[in-house]
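Notes for the one structure printed next.
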Amino acid sequence: MIPSVHKAGSRTIGLLAYLYGPGKHEEHTDPHLVASFDGMSPDPGRDPKATLKDLQQLLDQPVMALPEHSRPAKHVWHTSVRATADDRILTDEEWGDIARRIVAATGIDPGDVQTGCRWAAVRHAEDHIHIVATLVCEDGSRPDDFRSGKRAQTECRLIEKELGLHQVAPGDGTAAQRPTSAERHKAERQGRERTAREELRETVRRAVAGATSEEEFFDRLAAAGLLIRKRVAPSGDLLGYKVALPDDRNAQDEPVFYPGARLAPDLSLPRIRERWSAESHDQDAVPADAKVRTAPSGPSATRRRTASAAWQAVHVIERGGDAVAAAHIASAGEVLDALAKTSAAHTRRELRDAAFAFERASRSHVRAERGHDRALRQAARDLVHSGPALGRGEDGATTAMAIDMLFFLITATVHWHAKKGHAQQAAAALRAAAHLRAAYQLAAAQPLGALYQRGRRLGRPLLQRQTRALREALPELAEQILAEPGWYALAATLADAEAAGHDPAALLTDAVGRRELDTAESVSDVLVWRLRRTADLPADTSNMVGNAPKAGQAARRTGVPSRFTSPPKHPARAD
C-alpha cells in the first residue's frame with residue numbers, strides 16, 4: 001500500500017472537481033465518498049441533491065471562519081493511498097477505515113479528545129482513494145502534520161500486515177523522486193515509454209559512468225542531446241547544473257529543466273565530484289613513473305577486464321568494510337550503465353532494464369568511501385570509450401562473460417543490502433539480477449552452443465580425461481555438472497586449457513575455491529567463463545582449429561601476452 005502526500009494547494013473546489021470528474025483519460029469510475037470527518041458529509045457522487053460546492057463549503061468552513069489575513073494561502077492537504085497490483089480489491093468499508101487511520105496517523109484528525117481538521121475520502125477507482133482535508137482545525141489552530149508523508153508510510157506498513165496485503169519494503173529517504181502523476185500523463189500523451197524525469201536520470205547516469213572530470217561529464221551530456229544550464233557563482237565557480245530534453249516543454253513552450261539533485265540524490269554536482277576527487281587523490285599518492293593509463297582497446301578486451309574487475313569486487317563486497325563495499329556497489333551501477341550503453345541490439349533492452357532497476361540499489365545511508373572502486377570505474381570508462389560491441393564473435397562471447405561475472409556481483413549486492421536491512425535496495429538488486437540473467441541467456445546462446453558442439457565432438461579418450469579431472473577436482477559437484485547440458489561446453493573448455501599448457505584439475509579447483517556456486521543456475525556455464533577468463537582462452541571458439549586456438553589470435557584480441565604462440569605442451573588427441 002503506497003501513500004503519496006502531495007503539495008498543499010489553495011483551491012478545495014478545484015481538487016474536488018478533479019476527484020469527482022471523469023479524469024484526464026476517462027479513468028475515473030463511480031466517484032463517491034467512503035469516509036469523512038463527521039460521517040455525514042454530502043456526497044456529490046451518490047447523492048443527486050449534493051453538489052461539489054456543498055462539500056467544498058463544508059470542508060472550508062473552519063478556514064473561512066478565520067480573519068482573512070490569518071488564513072493560510074495553501075490550505076488544501078491532499079494524499080492518495082494506492083494498493084499494489086498484487087492486492088485484492090478492497091471494499092468501501094475497508095477503504096473508509098484506511099482513510100480514518102491515515103488522517104489520524106498524519107495528525108490531520110488525531111481523534112480522541114484532540115481537535116482535528118475537516119476531511120473527506122473519495123474513491124474513483126478500485127485500487128486507490130484520495131483524501132482531501134483543509135489545514136485549519138475546528139478551533140482555528142493548525143494541525144501537527146509535520147512529516148505527514150513519513151507517518152502515512154509507517155501506518156500503511158501496519159495496515160498491510162493487518163489486512164494481509166502485499167508488504168511494501170519501507171523506504172529510507174535515499175530513493176530518487178518518483179515521477180508525478182502529471183509527468184506520467186504527459187509521457188502517455190507524448191507516447192514516451194518513460195517520463196522525462198526518468199529518461200533524464202538514465203542519460204545523466206550514463207554520462208557519469210566512468211567520467212573523470214566536469215568537462216568530460218558535460219561533453220557527454222551535450223553529445224546525448226540534452227539541454228544544459230549551469231549555475232555559476234559570481235566568482236566564476238560552478239555550483240550546479242540543470243538538464244532538459246529538447247522536446248519536453250511546458251505550456252509556454254519552454255524546456256522543462258531538472259536539477260541533478262532532483263533526478264537522484266547522487267546526481268547532484270557535489271556528489272558527482274566526490275568520485276573525481278577521490279580518484280585524483282588516489283592518483284596523487286602514486287609515483288609519477290608508476291601511473292600507467294590503460295591503452296584504448298576493442299570491446300572484447302574491455303569486457304574481459306570488466307569481468308575481472310567485477311570478480312574482484314565480489315570479494316570486496318563480501319569481505320570489505322561497509323564504506324568500501326558501498327563504493328563498489330555504486331560503481332557497479334556505473335558499469336551496468338556503460339554496458340547497457342554499448343551493448344548489442346539483442347541484449348540492449350535487458351541490460352538497460354537491469355541498469356534502470358539497479359539504480360535504486362546503488363544508494364543507501366552507508367556513505368561510500370571513494371577511490372578504492374577505481375577498477376570498476378575504469379572498467380565503465382573503458383566500456384564507453386571502446387565503443388559498441390557487435391554482439392557476435394569474440395565481442396558477443398566476452399559480453400556473456402562480463403554479464404556472468406556481473407550477475408554474481410549483483411547477487412553479492414543483494415546479500416549485502418539484506419544483511420544491512422536495506423529492503424528496497426535488496427529488492428531492486430534482485431530485479432536487476434533477473435534482467436541480467438535474461439541478458440546472459442541472450443548473449444551466451446551462440447558461444448555456448450558452439451562450445452557444446454565442440455565438446456560433443458571430443459574424442460572418447462579426451463572426454464574421459466576431462467571427466468576424471470572434474471571428478472578429481474570437484475568430487476561433490478561432479479555428478480551434478482556431468483548431468484547438466486553445459487557439461488560438453490565445459491569439457492571443450494578444459495580441453496582448450498590443457499592444450500594451452502594448463503592443468504585442468506588445478507584450474508577447476510581454483511575456480512570453485514574462489515567462490516561458492518549456490519546461486520548459479522548452471523554450474524558448468526559459470527565454470528566455462530571463469531576458466532576461459534583466468535586461462536586467457538578465446539571466448540569465441542570460431543577461431544579454434546581442432547581443440548587449440550590459432551596461434552597469436554587470442555593475444556591480438558585481448559591485448560595480453562599470448563601463451564598460444566608456442567606449441568602446446570599437451571596436444572589434444574584426434575577423434
Side-chain angles (χ1 to χ4, degrees), residues 303-304 306-308 310-315 317-318 354 396-415 429-430 432-456 458 462-498 500 502-541:
R303 277 156 172 73
R304 278 182 175 271
T306 297
S308 296
W311 183 243
Q312 295 303 318
V314 169
H315 300 289
I317 291 173
E318 290 180 335
T398 51
T399 295
M401 180 186 293
I403 294 173
D404 178 66
M405 296 300 174
L406 284 168
F407 176 82
F408 282 98
L409 174 55
I410 302 311
T411 302
T413 299
V414 173
H415 296 159
L430 270 175
H435 288 297
L436 277 179
R437 190 186 297 276
Y440 168 79
Q441 291 170 348
L442 294 169
Q446 187 278 327
L448 283 180
L451 278 170
Y452 174 86
Q453 294 299 328
R454 291 186 57 247
R456 295 280 295 182
L458 289 177
L462 183 55
L463 188 60
Q464 289 178 335
R465 190 160 70 246
Q466 306 314 331
T467 303
R468 286 195 299 271
L470 176 68
R471 288 192 166 121
E472 173 190 339
L474 311 177
E476 296 180 356
L477 290 171
E479 297 310 314
Q480 175 187 340
I481 294 172
L482 289 170
E484 292 179 350
W487 156 240
Y488 287 104
L490 178 58
T493 295
L494 292 172
D496 292 342
E498 185 180 36
H502 295 282
D503 178 354
L507 278 177
L508 284 168
T509 301
D510 180 66
V512 174
R514 288 177 178 269
R515 194 181 191 280
E516 50 80 22
L517 294 167
D518 294 343
T519 55
E521 193 172 69
S522 170
V523 176
S524 50
D525 282 13
V526 173
L527 292 176
V528 163
W529 299 123
R530 288 189 189 179
L531 267 58
R532 301 200 81 83
R533 180 179 61 82
T534 56
D536 292 328
L537 299 173
D540 172 36
T541 60

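Bear in mind that the values here come from a model prediction, so they are computed numbers and not experimental data.
- With rounding to the nearest 0.5 Å, the separation of CG in Leu470 from CZ in Arg465 is 14.5 Å.
- Applying the side chain to side chain contact (heavy atoms under 4.5 Å, CB included) test to Leu430 and every residue at least two apart in sequence or in another chain returns Val414.
- Between Ala495 and Leu462 the shortest heavy-atom distance is CB-CD2, 4.0 Å.
- For Ala354, the side chain to side chain contact (heavy atoms under 4.5 Å, CB included) test picks out His435, Leu436, with sequence neighbours left out.
- Residues forming a side-chain hydrogen bond (donor to acceptor under 3.5 Å, both in side chains) with Thr399 (at least two apart in sequence, or on another chain): Arg303.
- Annotation for Ala505 and Ala469: closest pair CB-O, 4.0 Å, computed over non-hydrogen atoms.
- Once rounded to the nearest 0.5 Å, the distance linking CG of Leu537 with CE of Met401 reads 8.5 Å.
- Here the CG-CG distance, from Leu507 to Leu531, works out to 5.0 Å after rounding to the nearest 0.5 Å.
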| request: Before giving the answer on side-chain contact (heavy atoms from CB on, under 4.5 Å), spell out for Ile403 and Trp529 the whole-Å C-alpha distance, their side-chain angles and the decisive distance to 0.1 Å. | output: CA-CA 10 Å; Ile403 294 173; Trp529 299 123; over 6 Å; no

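- Looking at residues two or more places apart in sequence or on another chain, you find a side chain to side chain contact (heavy atoms under 4.5 Å, CB included) between Ala433 and Phe407, Ile410.
- Note that the CZ atom of Arg532 and the CG atom of Leu451 stand 5.0 Å from one another [nearest 0.5 Å].
- When all heavy atoms of Leu458 and Ala492 are compared, the closest pair comes out as CD1-N, 4.0 Å.
- Side-chain contact between His415 and Glu318 is absent, with no heavy-atom pair separated by less than 4.5 Å.
- Between Tyr452 and Val528 the shortest side-chain heavy-atom distance does not fall below 4.5 Å.
- Among residue pairs with one or both ends in residues 462-483, none qualify as ring-ring contact (aromatic ring centres under 6.0 Å, His included); sequence neighbours excluded.
- Contact detail for Asp536 and Arg304: the closest heavy-atom pair is CA-NH1, 4.2 Å.
- Closest approach of Leu463 to Gly455, counting heavy atoms only: CD1-O, 4.5 Å.
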Residues 478-488 side chain polar contacts: donor-acceptor under 3.5 Å, at least two apart:
{"from": "Glu479", "atom 1": "OE2", "to": "Arg471", "atom 2": "NE", "distance (Å)": "3.0"}
{"from": "Glu479", "atom 1": "OE2", "to": "Arg471", "atom 2": "NH2", "distance (Å)": "3.1"}
{"from": "Glu484", "atom 1": "OE1", "to": "Ser522", "atom 2": "OG", "distance (Å)": "3.4"}
{"from": "Glu484", "atom 1": "OE1", "to": "Val523", "atom 2": "N", "distance (Å)": "3.4"}
{"from": "Glu484", "atom 1": "OE1", "to": "Ser524", "atom 2": "N", "distance (Å)": "2.9"}
{"from": "Glu484", "atom 1": "OE1", "to": "Ser524", "atom 2": "OG", "distance (Å)": "2.6"}
{"from": "Glu484", "atom 1": "OE2", "to": "Val523", "atom 2": "N", "distance (Å)": "3.3"}
{"from": "Tyr488", "atom 1": "OH", "to": "Arg456", "atom 2": "NH1", "distance (Å)": "3.3"}

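- The heavy-atom pair separating Pro447 from Ala397 by the smallest distance is CB-CB, 3.8 Å.
- Here the OG1 atom belonging to Thr534 is positioned 7.5 Å from the NE2 atom belonging to His502, to the nearest 0.5 angstrom.
- Asp404 CG to Arg437 CZ: the interatomic distance, rounded to the nearest 0.5 Å, is 10.0 Å.
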